[in-house]
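Note that the structure is a prediction, hence the values are computed from the model and not measured. In listed order, ligands and their atoms are each counted from 1.
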Amino acid sequence: MTIEIRTHGRVGAEVLGVDLSRPLPEAEFAQVRAAFAEHGVVFFRDQSITEDQHIAFARRWGPININRFFAAHPGYPEIALVVKEPEQQHNIGGGWHTDHSYDFEPALGSILAARELPPEGGATAFASMYAAYDGLPEKLKARIEGRRAVHSARHVFGSKAAVYEAVQDTRSDGRIGNAAAADVLDDPVHPVVIVHPLSGKRAVYVNPSFTVRILGVADEESQDLLAEVYEHCKKPEFQEDFHWRDGSIAFWDNRATWHYAYNDYHGHRRAMHRITIEGVALKDQAAG
Ligand code: SIN
């Protein structure tokens, strides 16, 4: 098989000519890794993989992070379930975010495999934080350069979480749990602009779900500045939707993209399997 990498509109790349049910030869893996680093998210179509093969592919990238808050697959604790049943109103991931920025070493990325799709809708939007950084107006860039921000999971997954109605709902039906674990998490500080550990490119690294404040400025200024950065990052020119089909797999980099799961398929089931891979501490300058 020959690998082909095709850009996916404004964000990501589709990788053609790979079969993820088998171990990728080293040369193919290197091509996929290069595309992942360059584009921030890679998409695969027409795959037929078992849970074990999903896990094996994920392990090629690093150790698996077993999610503390999402319901796990009954037979495979490495696989988090991202499911919405026909009678449920709220989905998981229905707001712009990047996974695990509330960890000291935020997850490298997640590999999401479609298992059951609604007849229409249920796409995932991705926004490139490389492009968002490159497109920052100089004045805004100067205001965030060198700054650091606090991230937290407590207001989202903790017992006092009141921010998201969706979280309350997904918790009451058991899709999200373990609030006690979120309550005791310490909040990490990450650079607002990171140098990406794989690509060496600069990327905006704050997100509307988990970033709580920018350090070194007054609270109000921090909220205003975050709002301004988010408004910029949400611009359509940095975004692209991914429309799932049977056999689709998306592998996104949490340090280079945001994502958002559309909740536009009420009355239908959508079931996805997610495996998240451990990452490294983030820096605002290249490791020397
Ligand atoms: C997620 O945010 O991890 C889920 C994305 C999706 O279901 O499309």
Hey, is [X] close enough to [Y] for a salt bridge, meaning N to O under 4.0 Å?
X      : Y      : value
Asp134 : Arg202 : no
Glu145 : Arg147 : no
Glu26  : Arg60  : yes

Enumerated ligand 1 atoms positioned under 4.0 Å from heavy atoms of [X]:
X      : result
Gly93  : 2 (O)
His97  : 2 (O)
Ala261 : 5 (C), 6 (C), 7 (O), 8 (O)

For [atom], the protein heavy atom that lies nearest, with its residue and separation:
atom                   : result
atom 3 (O) of ligand 1 : Arg274 NH1, 2.7 Å
atom 8 (O) of ligand 1 : Thr124 OG1, 2.5 Å
atom 4 (C) of ligand 1 : Val82 CG1, 3.9 Å
atom 1 (C) of ligand 1 : His259 NE2, 3.5 Å

Exercise. Is there a donor-acceptor contact under 3.5 Å linking the side chains of Glu51 and His73?
Worked result: yes

Problem set entry | Between Ser110 and Asp99: side-chain donor-acceptor atoms closer than 3.5 Å | yes

Exercise. More than 12 non-hydrogen atoms from neighbouring residues, nucleotides or ligands closer than 6.0 Å to CZ on Arg274, yes or no?
Worked result: yes

For this session: Run the contact test for Trp252 against ligand 1 with a 4.0 Å cut-off on heavy atoms, strictly below, and give the result.
Result: yes

Exercise. Among Arg269, Arg270, Arg175, which residue meets the side-chain hydrogen bond (donor to acceptor under 3.5 Å, both in side chains) test with Glu85?
Worked result: Arg269

Seminar exercise, completed: With heavy atoms and a 4.0 Å threshold, my read on which part of Leu112 contacts ligand 1 is side chain

For this session: Compute the shortest N/O to N/O distance between Arg270 and ligand 1 and return yes if it is under 3.5 Å, no if not.
Result: yes

